[in-house]
Amino acid sequence: MNRNKLYVLLITACSAGYIWLAISYYRLGSGEIEPGVCLFKRITSFPCPSCGSTRSVLSLLKGDVWGALFWNPIGLILVSILLISPLWILFDTLFSKASLFNFYTNTELLFRRKGVAIFAILLVLMNWIWNIYKGL
């Protein structure tokens, strides 16, 4: 993937994320408790590893860090991406840099290492077990 494709993909994903958060925030304010639309959960009745991420991000936006961690620790990663990516892309664009792209390629190389990949997979599996245990 080249720099421009990555940046377009990230901006599109962040835009979709902001729209989804706005819709979810409105739905929660109108009394609808369940903001999720997890297809995996609807088919299997089991939560996926990312179930609870929207509620986690919404909890963080309200300042409830512990609630966010309870719903899904992945929410912390999502908030970081939603906040940092657009600013980093803007910086790279204004100063004709590729620092975010370089970070992405270095991170991709890191996760190709067997030990790092296994550790990341184990973290996702533990999070999935945590979601099932909580009964999300």
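This is a predicted model, so every value here is computed, not measured.
- Minimum heavy-atom separation, Leu6 to Phe101: CD2-CD1, 3.8 Å.
- Taking each heavy atom of Gly75 and Ser56 in turn, the nearest pair found is CA-OG, 3.4 Å.
- Residues meeting the side-chain contact (heavy atoms from CB on, under 4.5 Å) test with Ile121, sequence neighbours left out: Leu125.
- A donor-acceptor contact shorter than 3.5 Å links the side chain of Tyr18 to the backbone of Leu82.
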Check your understanding: Are Lys134 and Asn131 close enough, and set up right, to give a side-chain hydrogen bond (donor to acceptor under 3.5 Å, both in side chains), and what steps lead you there?
Key -> CA-CA 5 Å; Lys134 291 183 295 189; Asn131 279 350; 3.1 Å; yes
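- Annotation for Leu78 and Ser53: closest pair CD1-CB, 3.6 Å, computed over non-hydrogen atoms.
- Among residues two or more places apart in sequence or in another chain, the side-chain contact (heavy atoms from CB on, under 4.5 Å) test is passed with Ser15 by Ile11.
- Summarising the geometry, atom OH belonging to Tyr25 is positioned 15.0 Å from atom OG1 belonging to Thr54; distances are rounded to the nearest 0.5 Å.
- Atom CG of residue Asn4 and atom OG1 of residue Thr93 lie 8.5 Å apart, to the nearest 0.5 angstrom.
- Residue Leu9 comes nearest to Met1 through the heavy atom pair CD2-CE, 4.0 Å, listed as atom of the first residue, atom of the second, then distance.
- In terms of heavy atoms, Asn102 sits closest to Thr105 at O-OG1, 2.9 Å.
- Judged as a ring pair (Phe, Tyr, Trp, His ring centres under 6.0 Å), the pairs with a partner in residues 73-98 (not counting sequence neighbours) are, in order, Trp88-Phe103, Phe91-Phe95.
- Residues Ile77 make up the rest of the hydrophobic cluster containing Ile81, defined by ILVMFWY side-chain heavy atoms closer than 4.5 Å, directly or through other members.
- The other members of the hydrophobic cluster of Ile43, by chain and number, are Leu39 (side-chain heavy atoms under 4.5 Å, ILVMFWY only).
- Identified under the salt bridge (Lys or Arg N to Asp or Glu O under 4.0 Å) test for residues 88-108, with sequence neighbours left out: Glu108-Arg112.
- Leu83 and Ile89 are not part of a single hydrophobic cluster, where members link through side-chain heavy atoms under 4.5 Å apart.
- Using a 4.5 Å cut-off between side-chain heavy atoms of Ile, Leu, Val, Met, Phe, Trp and Tyr, with links allowed through other members, Phe70 and Tyr133 fall into the same hydrophobic cluster.
- For Ile118, the side-chain contact (heavy atoms from CB on, under 4.5 Å) criterion is met by Lys114, Leu122, not counting sequence neighbours.
- To the nearest 0.5 angstrom, Ile23 atom CD1 is 6.5 Å from Trp20 atom CH2.
- Every pair passing side chain to side chain donor-acceptor pair (under 3.5 Å) that includes a residue from residues 70-85 is listed here, sequence neighbours excluded: Asn72-Asn127.
- The distance from atom CH2 of Trp128 to atom CD1 of Ile74, rounded to the nearest 0.5 Å, is 11.5 Å.
- Applying the under-4.5 Å side-chain rule to Ile, Leu, Val, Met, Phe, Trp and Tyr, the cluster around Val116 extends to Leu110, Phe111.
- Atom CD1 of residue Ile84 and atom CG of residue Leu100 lie 10.0 Å apart, to the nearest 0.5 angstrom.
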If you look only at distance, which donor and acceptor atoms sit under 3.5 Å apart when one is on a side chain in residues 44-51 and the other is two or more places apart or in another chain?
| from | atom 1 | to | atom 2 | distance (Å) |
| --- | --- | --- | --- | --- |
| Thr44 | OG1 | Phe40 | O | 2.8 |
| Thr44 | OG1 | Phe46 | N | 3.1 |
| Thr44 | OG1 | Phe46 | O | 3.3 |

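- Clustering of Ile, Leu, Val, Met, Phe, Trp and Tyr by side-chain heavy atoms under 4.5 Å joins Phe119 with Leu123, Met126.
- Leu69 is linked by a side-chain contact (heavy atoms from CB on, under 4.5 Å) to Val65, Trp66, Pro73, Leu76, counting only residues two or more places apart in sequence or in another chain.
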